[in-house]
Amino acid sequence: MTLNIIKIIQNIPKGKVLTYGRIAKLAGNPRAARQVAWTLNSSTEKYALPWHRVINSQGLIALNSEEGRNQQKFLLMKEGIEFVGEFEIDLSKYLWKINSIEEIGNE
DNA sequence: AACCTGACTTCGG
DNA sequence: TCCGAAGCCAGGT
């Protein structure tokens with residue numbers, strides 16, 4: 001479960017993003033969005049996860065601290081993602097299109 | 001060891 | 001539509 005979450009995040013392509021809900025759904029539990037957030041906190045360093053490619057369902061950066069938000073925005077812009085608001089991006093453009101975790105299996 | 005908390009979402013009223 | 005409550009689960013208190 002947790003490993004699925006990590007696996008998914010690790011495979012998000014550069015320049016694309018995924019929402020907590022999507023990840024949770026792909027990992028098996030549509031309601032485990034919170035766990036996704038928690039996993040990012042605890043495993044980002046261990047697995048070198050591209051944490052900045054994970055945002056909330058509204059296309060907004062979900063961090064609490066302002067420094068964190070700026071950091072994430074900076075990293076995303078560096079990958080070519082444009083912001084439509086201060087901390088908002090167009091999901092229809094940048095959301096990673098993946099239907100199931102099976103699509104990652106060929107790793 | 002029980003209880004609280006969190007980078008969230010979804011569901012029911 | 002909008003708001004409160006539940007669901008998920010591991011680490012910290």
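Below, chain A is the first sequence line, B the second, and so on; all start at residue 1.
In this structure, A:I61 reaches neither bases nor backbone, as no heavy-atom distance under 4.0 Å exists between it and the strands shown. Contacts of A:A62 with the nucleic acid, taken as non-hydrogen atoms under 4.0 Å apart, involve only primed sugar atoms and P, OP1 or OP2.
A salt bridge is defined here as a Lys NZ or Arg NE, NH1 or NH2 lying under 4.0 Å from an Asp or Glu carboxylate O, and A:K16 with A:E79 fails to meet this definition. Between A:E86 and A:K73 there is a salt bridge, since a side-chain N of the basic residue sits under 4.0 Å from a carboxylate O of the acidic one.
Taking every side-chain heavy atom of A:N64 into account, B:dA7 is the closest of B:dA7, C:dC8, B:dT9. Which of C:dA10, B:dA7, B:dT9 sits closest to the side chain of A:W51 comes down to B:dA7. The side chain of A:W38 sits closest to C:dG11 out of C:dG11, B:dA7, C:dC8. Relative to the side chain of A:N29, the nucleotides C:dC9, B:dA7, B:dC8 differ in distance, and C:dC9 lies closest.
Separation of the P atoms belonging to C:dA6 and B:dC3 is 16 Å when rounded to the nearest angstrom. Here, C:dA5 and B:dC4 have their P atoms 15 Å apart, quoted to the whole Å.
Distances shown here put a side-chain N or O of A:R31 below 4.0 Å from the OP1 or OP2 atom of B:dC11. Between B:dT9 and A:S57, a contact under 4.0 Å exists linking OP1 or OP2 to a side-chain N or O.
Rounding to whole angstrom units, CG of residue A:L91 and C1' of B:dT9 are separated by 14 Å. A straight line from CZ of A:R22 to P of B:dC8 spans 18 Å, rounded to a whole angstrom. Computed from coordinates, the A:I23 CD1 to B:dT9 P distance equals 9 Å when rounded to whole Å. Atom CG of A:L3 is separated from atom P of C:dC9 by 13 Å (rounded to the nearest Å).
By the 6.0 Å contact criterion, NZ on A:K14 is open, its count of non-hydrogen atoms from other residues, nucleotides or ligands being 12 or less.
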**Study point:** Step-by-step side chain to side chain contact (heavy atoms under 4.5 Å, CB included) determination, A:E82 to A:Y94
**Key:** CA-CA 9 Å; A:E82 26 182 313; A:Y94 305 111; 2.7 Å; yes
